[in-house]
Amino acid sequence: MTIWLRDTRSAEQYARALTYLPGGVNSPVRAMRAIGRDPLFVERGEGGELFDVDLNAYVDWVCSWGPLIHGHAHPEIVAAVTQAAGRGTTFGAPTAAEVDLAEEVSRRVPGVQMLRMTSSGTEASMSAIRLARAATARTKILKFAGAYHGHVDGLLADAGSGLATQGIPASPGVPAEVAATTVVVPWNDHEALVAATEEHELAAILAEPLPANMGLVPPAEGFLELLRERADESGALLVFDEVISGFRVARGGAQELFEVTPDLTIMGKVIGGGLPAAAYGGSRELMERIAPAGDVYQAGTLSGNPLAVAAGLATLALLDGQQPYADLAATTTALAEGLADAARAAGLQDDVQIVARTGLLTVFFSGAPVTGHAGAKGCDHGAYAAWCRGLLARGVYAPASQYEAWFPSLAHSPEQIERTVCAAAAAFAEIDR
Ligand SMILES: *Cc1c(COP(=O)(O)O)cnc(C)c1O
């Protein structure tokens with residue numbers, strides 16, 4: 001069955017965009033090339049729903065790739081941002097609200113006593129690495145295949161997210177000398193990790209504790225504990241990139257959920273409530289190496305700016321207590337179970353793996369469980385693309401790449417889950433096997 005959506009205005013905008021923006025977008029995955037269609041041009045969002053410029057409605061499971069844990073245009077977040085804007089958008093001088101946000105974060109996140117704000121997760125991970133190198137007087141960083149830590153030169157090696165989606169192993173423009181400072185190890189591979197930590201003098205072991213940029217691939221039992229142990233024994237710092245998992249999978253992020261505390265934590269997405277904010281933090285002793293308390297330089301014109309801080313504070317206020325996490329877990333489970341039923345109805349139960357944790361989900365088109373980047377690469381990407389196009393044609397916006405996670409939010413309603421499951425069943429039924 002072919003479904004025709006209105007797309008005249010989107011097509012017009014895309015043609016214009018291709019003239020002025022590389023690939024028509026400001027960040028690669030938005031272009032939807034991996035699923036062989038043109039991008040959505042968005043008019044507005046409301047709760048768990050998005051409307052494109054042709055006024056087609058979509059249940060939005062992308063939610064800006066993670067920041068929107070309360071969905072689009074939550075009234076309290078909009079009010080907080082509007083109020084802050086009326087008092088001035090940036091001062092380049094400290095405000096009380098920045099201290100409030102740092103205090104809120106350190107109350108929640110076990111490994112964070114003190115933090116420094118930046119405007120993007122990329123900046124935060126770049127800065128955390130600089131600090132780890134300064135603190136250890138070592139250079140090399142260990143990262144995992146399929147993990148994404150922003151577009152930091154040295155961290156693009158075997159990265160997930162957009163690089164995996166475009167099939168880019170690293171990136172031209174990264175000096176070989178810089179790439180050589182990165183050691184890449186397969187995720188969940190105990191032996192490879194131990195061997196690498198014995199072979200190299202590492203400044204940091206850097207990990208997404210709940211990787212979500214090769215699809216969602218949870219750590220094997222004991223793997224995060226092993227990271228902690230190897231870091232301690234080898235003198236490296238353990239750095240958790242919780243840009244996605246922070247404030248999402250639990251109040252205190254994956255480090256609270258798995259009870260493994262890193263030396264440094266990278267945060268982003270939810271912390272900015274949909275505005276540009278990110279941060280890195282750790283113990284007072286480590287963080288006081290940062291200028292002007294210490295000698296490690298890092299700065300930012302818009303770091304901790306009042307709008308992003310207001311959005312972050314309002315977002316965290318709405319995440320107070322354990323109830324929001326119980327609600328988000330229930331929404332995620334209902335979605336995961338509905339999608340599993342839909343796959344079963346189409347006879348595809350042995351061909352897809354549905355992986356879900358609170359606020360995160362991936363449907364892998366794979367006959368076997370996915371435990372790392374190799375498994376994610378081995379999925380049937382063509383089938384995923386066809387399914388995803390089928391979802392979009394039925395008003396459901398799922399990530400346009402097998403390597404990205406779905407982001408259930410507190411704004412998604414049972415009706416939106418139901419609409420999604422119906423569309424998923426119909427789209428599964430169209431898949432050729
Ligand atoms: C999105 C992301 C980043 C980069 O954050 P930006 O704000 O896009 O620079 C870093 N790490 C992880 C785990 C991410 O998902």
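Counting starts at 1 for both ligands and their atoms, in listed order. Throughout, numbering of the chain's residues begins at 1 and tracks the sequence.
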Check each protein residue for a heavy atom under 4.0 Å from ligand 1 and list those that pass, ordered by chain and number. Ser120, Gly121, Thr122, Tyr148, His149, Gly150, Glu208, Asn213, Asp241, Val243, Ile244, Lys269
Mind checking ring pair (Phe, Tyr, Trp, His ring centres under 6.0 Å) for His72 and listing every partner two or more places apart, or none if nothing turns up? none
Between Tyr397 and Trp61, is the gap from one ring center to the other below 6.0 Å? no
Using modelled atom types and a 3.5 Å cut-off, is there a donor and acceptor pairing between side-chain atoms of Glu98 and backbone atoms of Thr95? yes
Taking side-chain hydrogen bond (donor to acceptor under 3.5 Å, both in side chains) as the definition, give me every residue that meets it alongside Gln113, ordered by chain and number, with sequence neighbours left out. none
Which residue pairs pass the ring-ring contact (aromatic ring centres under 6.0 Å, His included) test when at least one of the two sits in residues 220-279, sequence neighbours left out? Phe144-Phe223, Trp187-Phe223, His190-Phe223
Between OH on residue Tyr148 and NZ on residue Lys143, distance to nearest 0.5 Å: 10.5 Å
